[in-house]
Amino acid sequence: MTTVTKADKSRLTIRGLVNGQQYLVREQPGGWFITPEKKHRVKRAGMSADAFAKLYRSRTPLDADTAKEISANLAATDKAL
């Protein structure tokens with residue numbers, strides 16, 4: 001929780017903030033709302049549909065033992081929930 005108090009020379013002292021971090025201050029009815037500024041996600045180029053289809057078709061099928069183990073794990077997970 002962040003506490004805001006009025007200091008001398010018309011400044012505000014805000015306790016609970018981290019040095020160097022930027023905050024958004026919004027006025028709301030009855031007071032102010034202070035939140036850390038959201039970091040922007042870096043958008044990465046995705047895989048095209050053709051590239052994904054080629055990768056999907058080139059995968060090797062599971063062997064019988066691995067498929068059986070995965071099936072048993074899924075069944076155990078369903079039973080536990």
Side-chain angles (χ1 to χ4, degrees):
M1 182 172 175
T2 302
T3 304
V4 178
T5 58
K6 186 178 183 306
D8 59 339
K9 298 182 184 178
S10 298
R11 297 183 196 152
L12 292 175
T13 302
I14 304 173
R15 289 183 284 161
L17 301 184
V18 177
N19 284 341
Q21 183 160 351
Q22 295 182 353
Y23 294 87
L24 298 174
V25 180
R26 287 180 274 159
E27 186 175 8
Q28 293 186 339
W32 298 84
F33 194 67
I34 301 169
T35 57
E37 188 174 58
K38 292 183 181 179
K39 297 188 183 221
H40 297 286
R41 285 186 6 192
V42 176
K43 290 189 178 183
R44 301 187 187 271
M47 186 181 294
S48 70
D50 293 333
F52 178 78
K54 182 179 177 183
L55 182 65
Y56 183 79
R57 282 189 227 104
S58 69
R59 75 192 192 289
T60 57
L62 297 175
D63 60 19
D65 291 335
T66 305
K68 185 177 179 181
E69 184 177 349
I70 291 172
S71 177
N73 287 340
L74 290 171
T77 302
D78 287 344
K79 186 177 181 183
L81 297 175

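Computed over heavy atoms, backbone and side chain alike; hydrogens, waters and symmetry mates excluded.
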Tyr23 vs Thr35, side chain to side chain contact (heavy atoms under 4.5 Å, CB included): CA-CA, chis, key distance, verdict: CA-CA 5 Å; Tyr23 294 87; Thr35 57; over 6 Å; no
Please list every donor-acceptor pair under 3.5 Å in which a side-chain atom of residues 58-67 meets a protein atom from a residue at least two apart or in another chain.
residue : atom : partner : partner atom : Å
Ser58   : OG   : Lys54   : O            : 3.4
Ser58   : OG   : Leu55   : O            : 2.9
Arg59   : NH1  : Tyr56   : O            : 2.6
Arg59   : NH2  : Tyr56   : OH           : 3.2
Asp63   : OD1  : Thr66   : N            : 2.8
Asp63   : OD1  : Thr66   : OG1          : 2.6

Partners passing side-chain contact (heavy atoms from CB on, under 4.5 Å) against Ser71 (at least two apart in sequence or in another chain): none
